[in-house]
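In what follows, every chain begins at residue 1, and chains take the letters A, B, ... in the order their sequences are listed.
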There are 2 protein chains.
Amino acid sequence: MRDGRKVTLSDVAAHVGVSAITVSRALRTPEKVSLKLREEISRAIDLLGYVPDPAARALASSRTDVIGVIIPSVTNSVFADVLRGIYTAVEKTPFDIQLGNTRYSPLKEEKLLKVFLGQKPAGLIVSGIDQSERGRSLLETASCPVVQIMETGENPVDIMIGFSHYEAARAATIHLIEQGYRKLAFMGARMDPRTQRRFQGFRQAAAEAGLFSEERVVTTAEPSSVSLGSQLFCELIEQAPDLDAVFCINDDLALGVMFEAQRRRLSVPDRLGICGFNDLEMMAAAEPPITSVRTFRYEMGKRAVEMLLEAIAVGRGHRGTIVDLGFEVRKRASTARGSCGASD
Amino acid sequence: MRDGRKVTLSDVAAHVGVSAITVSRALRTPEKVSLKLREEISRAIDLLGYVPDPAARALASSRTDVIGVIIPSVTNSVFADVLRGIYTAVEKTPFDIQLGNTRYSPLKEEKLLKVFLGQKPAGLIVSGIDQSERGRSLLETASCPVVQIMETGENPVDIMIGFSHYEAARAATIHLIEQGYRKLAFMGARMDPRTQRRFQGFRQAAAEAGLFSEERVVTTAEPSSVSLGSQLFCELIEQAPDLDAVFCINDDLALGVMFEAQRRRLSVPDRLGICGFNDLEMMAAAEPPITSVRTFRYEMGKRAVEMLLEAIAVGRGHRGTIVDLGFEVRKRASTARGSCGASD
DNA sequence: TTGTAGGCGTTATCAG
DNA sequence: CTGATAACGCCTACAA
């Protein structure tokens, strides 16, 4: 700013003695401007303190440098990790992130989608594959590339990156079975679509081994927390006192179960096996360390942005790409019954 | 959209048979448009699917409905809670949040400040009172209200809401002393300015009781984690085997200390008192429950937005407001030595 | 490599 | 209460 009024392109241009468009070019496509001019212009920009006006740019070019990111929760540390990846990848680029928070409501997601698309974003990152019908069609007619994260599935809008929650839960359950547990229990909270698919994975693996029982399932719509894990475990063990292992749909619950087991003097892993999901940092640090399913959240955010940038560069080219980041069952002491133990 | 091209104000206007400005007014200042027209216009908007262009609005009015939020980290659950409060408060308003992530770097903060201010935000929420000199002066000359969160201190730019990290740490330390601990240790990670002030609070309280010793201090620039808590505790107890209590600058570290204490069969709270900071949900759920300093993060985010909206409404009125949200030492079993125990 | 004209969609200003 | 006109700051085209 200079005497209150905004410094514009033409101010810079006038200072250097060229036309505004040249300054614009020096900024956006430097290779089209002579070196000499470029230097003068850059000096003038510093001197005058010119800051481009994104609104004017957006209006004139009907493009923005904004990448919209729509996720269900900012508090959930799973998304926090994804966000960290996103911010890291975006940092070296001229793009900005605009964050939207659906709070697990498809309706809110739809609204956000409308608002975001109204801003002509350069690209969009959305969470999951469970958009409402209207949401889905908004995405399909979007004039920017779209990346769906957190999950793999059928029919990507453009690009999809994540892993199969079904398979991940299935693998964890198989691990419990391999460790010799027979009375497998399932603990779920929030029960959004991704959680449901984890339940299906558990159910499938347990049923295949003839070990599934409705009695050993506890779920709630409430959001997860450590204390909720303790509480649900109390319910669970009342329903089914003979249970010998719990698969929890996330690590908070698992930690709550472990604390409750300690309170009740149930030895982990001998009397009770515990498996979490996500493999938050604390799982390896816990005493005993808790088995969990590692997922690649930071990677996911980072690569989502990278692929999006590519798609932006070529113009919506990637239609149909699916990247499965996989998962990894981290076997730790909390499920090391009988066998010789675990890594970590 | 209709046949690919964007629906504009004038499209709506033409449809109704009025001029564009009337439609604009029907949207922004309905009371200045006759009821009849308002209804027709609103019908036309729905029919045509008109979505206002924020860029055009911003350019024409040099105003936006964007509230910039600049915080050091998205992963840290402390800020996640603040964000939740912010999003909640903003939800019912026409404002949007634009998030910036400094990663604890004053330089990055400065850059973000410049970018954000270039967007003519309606308001700004920044974290803390430790802006760089240039950052500070950017804030002071900003043409929008500014709220500083997380902390109280001298010289608010406009509005400030938070609590005293110094006093909070001091109170926690006094609690440890009152519980009969005498060999007080301090554990800190990241050691950003807020953490430093917590250290000062600890030091002051300990020194006043003649209980401060450099030997029982361990700090690192690394970011906190549960496993780091375990690791630092190992260092600490090597340096000072006789320590009987640890004040940790956050709950992750405290949890790590507790796990390590369990591993070493050090009884908590008898042999070792543990106190965390922030009072994350898991602290009350842990076994034993861990003493911590509760802070009002959700509230802080929510009220920051509310105060900001007020200031926006009146136009930068609030200059000088300081809101101290206080804190609360949650006394739990992890520091209940000798005495009869704790609540929770 | 540089410049000119015109317009992006909205709102401010001033009239009626 | 409604309308005409002129910005807002930049970029797309086309031209030189």
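- When heavy atoms are screened at a 4.0 angstrom cut-off, Arg28(B) is found touching the sugar-phosphate backbone but no base atom.
- The distance from atom NZ of Lys6(A) to atom P of dA7(D) is 18 Å, rounded to the nearest whole Å.
- One can place CZ of Arg63(B) at 9 Å from P of dT11(C), the figure rounded to the nearest angstrom.
- Taking 4.0 angstrom as the limit, Ser34(B) places a side-chain polar atom (N or O) nearer than this to OP1 or OP2 of dT2(D).
- Under 4.0 angstrom from either OP1 or OP2 of dG3(C) there lies at least one side-chain N or O belonging to Ser19(A).
- For the pair Glu31(A) CD and dT2(C) C1', the interatomic distance rounds to 15 Å; values are reported in whole Å.
- A 4.5 Å side-chain heavy-atom check between Arg28(B) and Pro52(B) finds at least one atom pair inside the cut-off.
- At a cut-off of 3.5 Å, with distance as the only test, no side-chain donor of Ser132(A) or Arg134(A) sits close to an acceptor on the other residue.
- Look at CG on Asp11(A): it is 9 Å from P on dG9(D), rounded to the nearest Å.
- Remark: Glu154(B) CD is loosely packed, at most 12 non-hydrogen atoms of other residues, nucleotides or ligands lying under 6.0 Å away.
- Of all heavy-atom pairs between Phe116(B) and Pro121(B), the closest is O-CD, 3.2 Å.
- Distance CG (Leu9(B)) to P (dC8(D)): 19 Å, rounded to an integer number of Å.
- With sequence neighbours left out, the ring pair (Phe, Tyr, Trp, His ring centres under 6.0 Å) criterion links Tyr87(B) to no other residue.
- One interatomic measurement links the two molecules: CD1 of Ile41(A) to C1' of dT2(C), which rounds to 10 Å at whole-angstrom precision.
- Summarising the geometry, the separation between CZ on Arg25(B) and C1' on dT2(D) is reported as 6 Å, rounded to the nearest angstrom.
- Side chains of Thr88(B) and Arg103(A): a donor on one and an acceptor on the other come within 3.5 Å.
- Note on Ser24(B): every side-chain N or O is 4.0 Å or more away from OP1 and OP2 of dT10(C).
- For Gly17(B) and Ala60(B), each mapped to the nucleotide of DNA chain D holding its nearest heavy atom, the one lying further toward the 5' end belongs to Gly17(B).
- Each of Thr22(A) and Ile21(B) lies near DNA chain C, and the nucleotide nearest Thr22(A) is the one positioned closer to the 5' end.
- Shown here for Ala55(B) and Leu59(A), the closest heavy-atom pair between the two residues is CB-N, 4.1 Å.
- Listed candidates were dG9(C), dC10(D), dT2(D). Nearest to the side chain of Thr8(A) is dC10(D).
- Rounding to whole angstrom units, CG of residue Leu27(A) and C1' of dC10(D) are separated by 11 Å.
- Of the residues in residues 50-58 of chain B, those placing a heavy atom less than 4.0 Å from an atom of DNA chain C are Tyr50(B), Pro52(B), Asp53(B), Ala56(B), Arg57(B), in numerical order.
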